[in-house]
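Below, chain A is the first sequence line, B the second, and so on; all start at residue 1.
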Amino acid sequence: MKRYNPSEIEAKWQQIWEQDGTYEADLHDTSRPKYYGFSMLPGITGAGIHIGHGRTYQFSDIKVRAKRQQGYNAYHPIGWDSFGLPVENYAIKVGKKPRQAHDEAKENFIRQLKRLGFSFDWSKEISTADPAYYKWTQWIFAKLYEHDLAYQKEQPQWWCETDNTVLANEQVEGGKCWRCGNEVVKRNLKQWFFRITAYADEMLDATDELNWTDMVKTMQKNWIGRSLGAEVEFAVEDSEEVITVFTTRPDTLFGASYVALAPENPLVQELAVGDQREKVETYVQAALAKSEVERQESKEKTGVFTGRYAINPVNGAKVPIWVADYVLGGYGTGAVMAVPAHDERDYEFAKKFDLPIIQVVEKPENEDDAGAYTGEGELVNSGRFDGRRSALAREEIVTWLESRNMGRSKTTYKMRDWLISRQRYWGAPIPIVHVEGREPIAVNEKNLPVELPDVDDFKPKGGNTSVLAEIDDWVRVWVNVETGETVNITESKPDGDAWVEGQRETDTLDGYACSSWYFLRYIDPFNGEQAWDPELAKKWMPVDYYNGADHAVAHLLYSRFWMRFFYKLGLVPTPEPFKRMMYNGYIMAPDGNKMSKSKGNVIDPMEIMDSGYGADSLRVYEMFIAPYDMDAPWDTRGVPGTYRFLNRVWNLTQEYVAAPETGAANDAEILKATHATIKKVTSDIEDEKFNTAVAAMMELVNTLYKLKEAQPIVKTEAWTFAIESLLQILAPFAPHITEELWHELGHGDTIHRDHWPKWDESLLVADTMTIIVQVNGKLRAKLELAKDTPAEEVEAAALVDEKVVQFLGDKKPAKVIYIPGRLVNLVLK
RNA sequence: GCGCGAGUGGCGGAAUAGGUAGACGCGAGGGACUUAAAAUCCCUUGAAUGAAUAAUUCGUGCGGGUUCGAUUCCCGCCUUGCGCACCA
């Protein structure tokens, strides 16, 4: 009997699959339903993949493999997130140019991914740093600019002094840079933005409908952070100035006892007067000098009175104007009306600085008196609004303000526009030419891509520009101010008044921009005429299944935003890119921590595979270890377990191959177990319950072993069906061993296309039922009865059961509960 | 602080329209085969009492509640993971 030797058969089949194009999808084939699934494209940073990454790609691999076997035109693409900070930093670390560093590291990635046996369509591989790809990233930029969704703005931006670049809000995590983890600072810079806030409402409203991991949906919603409220204008006493505040509680307006401005608010400088002026300036200086992290670390309220007063529009009350750093410059209007009685922060502030606390909403009686009451209730001390419910009064007060032009309802978002320019070399150049005295000019499509020039020293110098600014020949360019066409400055100037000398934008696009549309390029990867063919998009979009373990906010928001934009242009058939998006859990190191190279606790999949277990055992264990979305610690002893399981499958099949052609076998039981397992595994894969799918297959194998002990294997139809079905449902998990055994059974084609077993529901219906008999809710007996036994007979049978009688004694049950087909509960008083 | 999860044997985890708790695997113990070991196969394995593979009791983070019956539903806590965090 042949022994299971993974390293031999895995290498063999990987080579054959590649030769035969087993996993290549015909993107133009319309004869079958499509299935489009993949995991987030890998970013290459040199370390190679660890056990957790491998698992991430396996989820989509299994989903797509199953569909491919079920007859779908299934596409599992692969590509590289090649542009951006991570790759550039990696290049700096290894002392090579980014493209070279990337390409070399990529070889290692490819070797690892291939070794794991993923069913990627390698013939359609893409890279975001390929000019044929970023040409279209630039084209999208130009389209956004044309539709006023890309713009330049000067304002204080997050800046990382380690990575020498600005960062988007989404890339600042707790005041620290997403790449290097160092604290970020603010720099005042003119930067490019995408107007993602224009889609805030649409995206928020659509989020609930998405069939995504709930956690990710929640994170998206929180990030967008919609607040319904109002803007209210407070006139400044003895001044023309007006302070506009944003509030979600206009119903508490009568309780406003001061107005607070953020230190960044420009009005602060104008309002501070007299002997307060110096104090205010000192305070503002100190606040602005502090890093954002420092400002947030201490919740202790600080502030300074400006010496000026504002007028509450509802009652004409004179309230002091303060400067306080708990008011954020970048949110709302940078000014708030403070209602200490009904806002915890205002309450703390008022307590500290001894400002009035005016209650305007009745508290419920059981509410304890300390602190601010932030709930709803009847209004008091609120003039003509007294007695109204706070929730209703919100609208009424806003209406009242609107009629006097002193306020209006307003929706505010936490999400800001997406900052996409980077002062770094390794990215797609922003396709813009600047000409003195004109709006920025988008480079004409026919001159795209604006290629990233090769430079010797690409490392950032810390200034406000990328190193591209130093390449004079590249920056200076002839541009047609009407068409956006460009000609290299070293050529002679074209004829015509529209041609002038301009200067290229020297910032590059954030890597996130490049990865915000790759799922569309996958479906038309070699198109030289357009970014993708809208007809193909109609066929392939949306993505049926998308998996990731990172980028729960930024990447997904950006992709959704762009997709909605493309939808409006008629380039894609749906506004949402990902029909189903799942966020898988992490595999933790055996020490319970996240795997990381610095901790030295990384498990290398290659080592496990090369130690003789092979890819299939590793793959099966990766699925078996834990449910999809839960973190689980790696246990090195798990792989031998799944290896044993695959060995049992191997040996069982070998026995079948050697078995006699004729004879008797326990066919009915074999068929029943097999059909039940097919059903279970098929639906488990559909529901992404891969761990229980593996368990079900193990159970089937255990059952078949028991059956063959009782009666040796014969090549009956039942045994043939059992063995072939087992291999087919196991194939997405363990593609190599199943392919090998499939061929050993005499099949000439691959198991991985168009082979999925069907189950017969009628075989699964039992003709008897097991009735659980409980006495006072505790299991006391089991009855095996005919399926359609009437209720009275079931109850009667329960009452005379030997064990039940023991428990009942001479008492009669006070109550008998019968759940048809399941259980009888006899209740004693 | 707020939001979203999760807490079940020695370990990873099964099972929730409320109805046999602990599937499957790891680990552990025992046995078969073998000169021996590995591999393989078979059996046992939640805890307590018990000679028992007789029986009973306890048992799904803690405290209550609803119910004939709660791992599942409700209320109040504790622990822990992730995200956000002075967002007015």
Side-chain angles (χ1 to χ4, degrees), chain A residues 3 173-175 213-223 225-227 229 245-249 252 260 262 295-301 324-328 330-339 342-346 348-349 374 412-415 552-553 583 585-586 588 594 620-621 624-627 629-642 644-645 647-648 651 689 691-702 705-706 709 770-782 803 806 813-819 821-829:
Chain A
R3 293 204 39 186
E173 299 167 347
T213 301
D214 283 334
M215 180 183 66
V216 175
K217 282 164 59 163
T218 308
M219 282 162 74
Q220 298 252 306
K221 284 196 272 188
N222 290 346
W223 191 266
R226 178 163 63 193
S227 287
V245 303
F246 173 73
T247 178
T248 54
R249 293 295 300 272
T252 63
R295 259 172 81 172
Q296 286 169 3
E297 256 166 16
S298 160
K299 304 253 157 138
E300 182 68 30
K301 296 288 174 290
D325 73 355
Y326 79 90
V327 182
L328 304 175
Y331 181 74
T333 60
V336 300
M337 62 175 217
V339 185
H342 306 291
D343 181 281
E344 280 165 28
R345 295 149 303 182
D346 299 345
E348 274 177 50
F349 193 87
T374 56
T412 298
Y413 303 91
K414 258 178 68 182
M415 183 169 72
V553 175
Y583 198 76
Y586 286 102
M588 313 301 270
K594 260 193 185 178
V620 174
Y621 181 58
F624 186 56
I625 187 169
D629 54 350
M630 277 215 300
D631 293 347
W634 180 258
D635 182 353
T636 21
R637 290 173 304 206
V639 178
T642 50
R644 270 195 281 277
F645 163 63
N647 243 310
R648 280 160 72 81
N651 292 335
K689 287 155 75 175
N691 56 331
T692 51
V694 172
M697 291 186 280
M698 287 173 165
E699 273 184 85
L700 175 62
V701 170
N702 292 347
Y705 264 72
K706 288 222 172 72
E709 284 300 307
T770 306
I771 300 291
I772 306 304
V773 184
Q774 298 179 336
V775 178
N776 283 342
K778 292 207 159 138
L779 172 71
R780 296 304 178 194
K782 292 183 196 179
K803 284 187 179 165
Q806 241 178 69
K815 199 169 169 186
V816 177
I817 289 156
Y818 177 53
I819 309 296
R822 307 185 76 166
L823 108 177
V824 176
N825 190 9
L826 306 169
V827 185
L828 296 176
K829 263 281 174 222

query: Roughly how many Å is it from CG in Asn222(A) to P in G5(B), rounded to a whole number?
result: 12 Å

At a cut-off of 3.5 Å, list every protein nitrogen or oxygen paired with a nitrogen or oxygen from nucleotides 55-60 of chain B, distance to 0.1 Å.
residue: C58(B); atom: OP2; partner: Lys778(A); partner atom: NZ; Å: 3.2

message: Angle between ring planes, Tyr326(A) versus Phe349(A), binned at 30° and 60°: parallel, tilted or perpendicular?
response: tilted

message: Please confirm whether the shortest side-chain N or O distance from Tyr331(A) to OP1 or OP2 of A88(B) is below 4.0 Å.
response: yes

message: Please report the distance, rounded to the nearest Å, between CE in Met219(A) and P in G83(B).
response: 7 Å

query: Hey, would you say the Trp634(A) and Tyr586(A) ring centroids sit under 6.0 Å apart?
result: no

task: Using a heavy-atom cut-off of under 4.0 Å over every strand shown, decide if Val327(A) touches base, sugar-phosphate, or nothing.
output: base

- prompt: When we call it a touch if two heavy atoms are under 4.0 Å apart, what does Asp629(A) touch: a base, just sugar-phosphate, or nothing?
  reply: nothing

query: What residues, two or more places apart in sequence or in another chain, satisfy salt bridge (charged side-chain N to carboxylate O under 4.0 Å, His left out) together with Asp629(A)?
result: none

P gap between U45(B) and C84(B), integer Å: 48 Å

message: Just to be sure I understand the rule, does Lys706(A) reach a base, reach only the sugar-phosphate, or reach nothing, if contact means heavy atoms closer than 4.0 Å?
response: sugar-phosphate

- line: Here the distance between atom C1' of C43(B) and atom CG of Asn702(A), to the nearest Å, is 14 Å

statement: When rounded to the nearest 0.5 Å, the distance separating CG of Leu826(A) from CD1 of Ile817(A) is 9.0 Å

- prompt: How close or far is atom P of C2(B) from atom CD of Glu344(A), stated in whole angstroms?
  reply: 9 Å

message: Nearest 0.5 Å, please: how far is NZ in Lys594(A) from CG in Asp631(A)?
response: 8.0 Å

Between C41(B) (C1') and Arg648(A) (CZ): distance, integer Å: 8 Å

message: Say we look at G3(B) and C75(B): how far apart would their P atoms be, to the nearest angstrom?
response: 13 Å

Letter per nucleotide, 5' to 3', of nucleotides 26-32 of chain B [B base touched, S only sugar-phosphate touched, - untouched; heavy atoms, 4.0 Å]: SS-----

- prompt: When rounded to the nearest Å, what value does the distance between C1' atoms of U60(B) and U72(B) take?
  reply: 10 Å

task: Quick one, give me the B/S/- string for nucleotides 13-21 of chain B, reading 5' to 3', where B means a protein heavy atom under 4.0 Å from the base and S means that only happens at the primed atoms, P, OP1 or OP2.
output: SS----BB-

task: Take atom CZ of Arg3(A) and atom C1' of C41(B), then tell me their distance rounded to the nearest Å.
output: 14 Å

query: Using the P atom in both, what is the distance from A17(B) to U66(B), to the nearest Å?
result: 23 Å

task: Select from Glu709(A) and Tyr583(A) the residue whose nearest nucleotide in RNA chain B is closer to the 5' end of that strand.
output: Glu709(A)

Whole-angstrom distance between C11(B) and U16(B), as gauged at atom P: 23 Å

- prompt: Does Lys301(A) make a side-chain donor-acceptor contact with the base of C86(B), cut-off 3.5 Å?
  reply: yes

Listed partners of Glu348(A) passing side-chain contact (heavy atoms from CB on, under 4.5 Å), at least two apart: Lys301(A)

message: I'd like the P distance from U71(B) over to A88(B), given in whole Å.
response: 41 Å

- prompt: Nearest to the side chain of Tyr705(A), which nucleotide is it out of C24(B), A88(B), C42(B)?
  reply: C42(B)

message: Does a side-chain N or O of Ser227(A) approach OP1 or OP2 of A88(B) to a distance below 4.0 Å, or not?
response: yes

field: Anti or syn - G9(B), cut at 90° from 0
entry: syn

field: Spacing of Tyr413(A) atom OH relative to A88(B) atom P, expressed in whole Å
entry: 13 Å

message: Run through RNA chain B and report every stem of 3 or more consecutive Watson-Crick or G-U pairs, distances under 3.5 Å, ordered by first number.
response: B:1-7 with B:78-84, B:10-12 with B:24-26, B:27-32 with B:40-45, B:46-49 with B:55-58, B:61-65 with B:73-77

message: Expressed as a whole number of angstroms, how long is the span from Met415(A):CE to C84(B):C1'?
response: 15 Å

